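One structure below.
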Amino acid sequence: MDLYIDPVSGVPIYRQIAGQIRQQIRDGRLPPGTRLPPVRELAATLTVNPNTVARAYRELESSGLLDTLQGSGTFVRENVTADLPEPELNALLPYIDRLLEAARLQSISPERVMQLLKDRLAGRQEE
């Protein structure tokens, strides 16, 4: 497992670790069943506090990507899917829900909402 920590990025170190592990799982570099290094070992390798690595592992476990088995280690979950949303995407879900509810109240079809979003993303504005 190859991880890089950027101490000046502004992103908390545990999030950098979790993000890189998440990406390696999605890319298939960490297939289901892969045993991750123990917390203390990875912390020593990255020269970070073990609590930082433990926090990253906990975040990934709560996201459904890892399983920790007491006395055996931490593993990539067997039934993991590559399309699990990242926490940053989960943060957008309430806004999407509000957009859809507002559109429904104004009798705007989901197809029309999608077209408006595509137009906005393309840099065009509704006239």
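Please read all numbers here as calculations on a predicted model, not as lab measurements.
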Spatial distance of atom CZ (Arg22) from atom CG (Leu30) [nearest 0.5 Å]:
12.5 Å

Do the side chains of Leu66 and Ile25 get nearer than 4.5 Å, heavy atoms only?
yes

Is any side-chain heavy atom of Ile21 closer than 4.5 Å to one of Tyr57?
yes

Is the count of non-hydrogen atoms from other residues, nucleotides or ligands lying under 6.0 Å from Arg40 atom CZ greater than 12?
no

Name every donor-acceptor pair, under 3.5 Å, that has one atom in a side chain of residues 5-12 and the other anywhere in the protein, sequence neighbours excluded.
from : atom 1 : to    : atom 2 : distance (Å)
Asp6 : OD1    : Val8  : N      : 3.2
Ser9 : OG     : Asp6  : O      : 3.4
Ser9 : OG     : Val11 : N      : 3.0
Ser9 : OG     : Gln16 : NE2    : 3.1

Under 3.5 Å, side chain of Asp27 to main-chain N/O of Arg29, donor-acceptor pair present?
no

Closest contact, heavy atoms only, Ala18 versus Glu59:
CB-OE2, 3.6 Å

Thr45 side, atom OG1; Glu41 side, atom CD - distance, nearest 0.5 Å:
5.5 Å

Show which side-chain atoms of residues 96-103 pair as donor or acceptor with protein atoms under 3.5 Å away, not counting sequence neighbours.
from   : atom 1 : to     : atom 2 : distance (Å)
Glu101 : OE1    : Arg104 : NE     : 3.1
Glu101 : OE2    : Arg104 : NH2    : 2.6

Check for me, please, whether Phe75 and Val39 land in the same ILVMFWY cluster - side-chain distances under 4.5 Å, paths through other members count.
no

How close do Arg77 and Pro32 get, counting heavy atoms only, and between which atoms?
O-CB, 3.5 Å

Shortest non-hydrogen separation from Leu3 to Gln24 and the atoms involved
CD2-NE2, 3.7 Å

Of all residues at least two apart in sequence or in a different chain, which pass the side-chain contact (heavy atoms from CB on, under 4.5 Å) check with Ser107?
none

Pairwise distance CG(Leu121) to NZ(Lys118) - rounded to 0.5 angstrom:
10.0 Å

Would you check if Met1 and Gln20 make a side-chain contact, meaning some heavy-atom pair closer than 4.5 Å?
no

Run the numbers on Arg55 and Arg58 for side-chain contact (heavy atoms from CB on, under 4.5 Å), then give the verdict.
CA-CA 5 Å; Arg55 187 171 181 188; Arg58 278 193 310 272; 3.6 Å; yes

Look at the side-chain heavy atoms of Ile, Leu, Val, Met, Phe, Trp and Tyr, link any pair under 4.5 Å apart, and say whether Tyr14 and Leu46 land in one connected group.
no

Is there a chain of hydrophobic side chains (I, L, V, M, F, W, Y, each step under 4.5 Å between heavy atoms) that links Leu60 to Leu42?
yes

Going by heavy atoms in the side chains, are Val76 and Leu65 under 4.5 Å from each other?
no

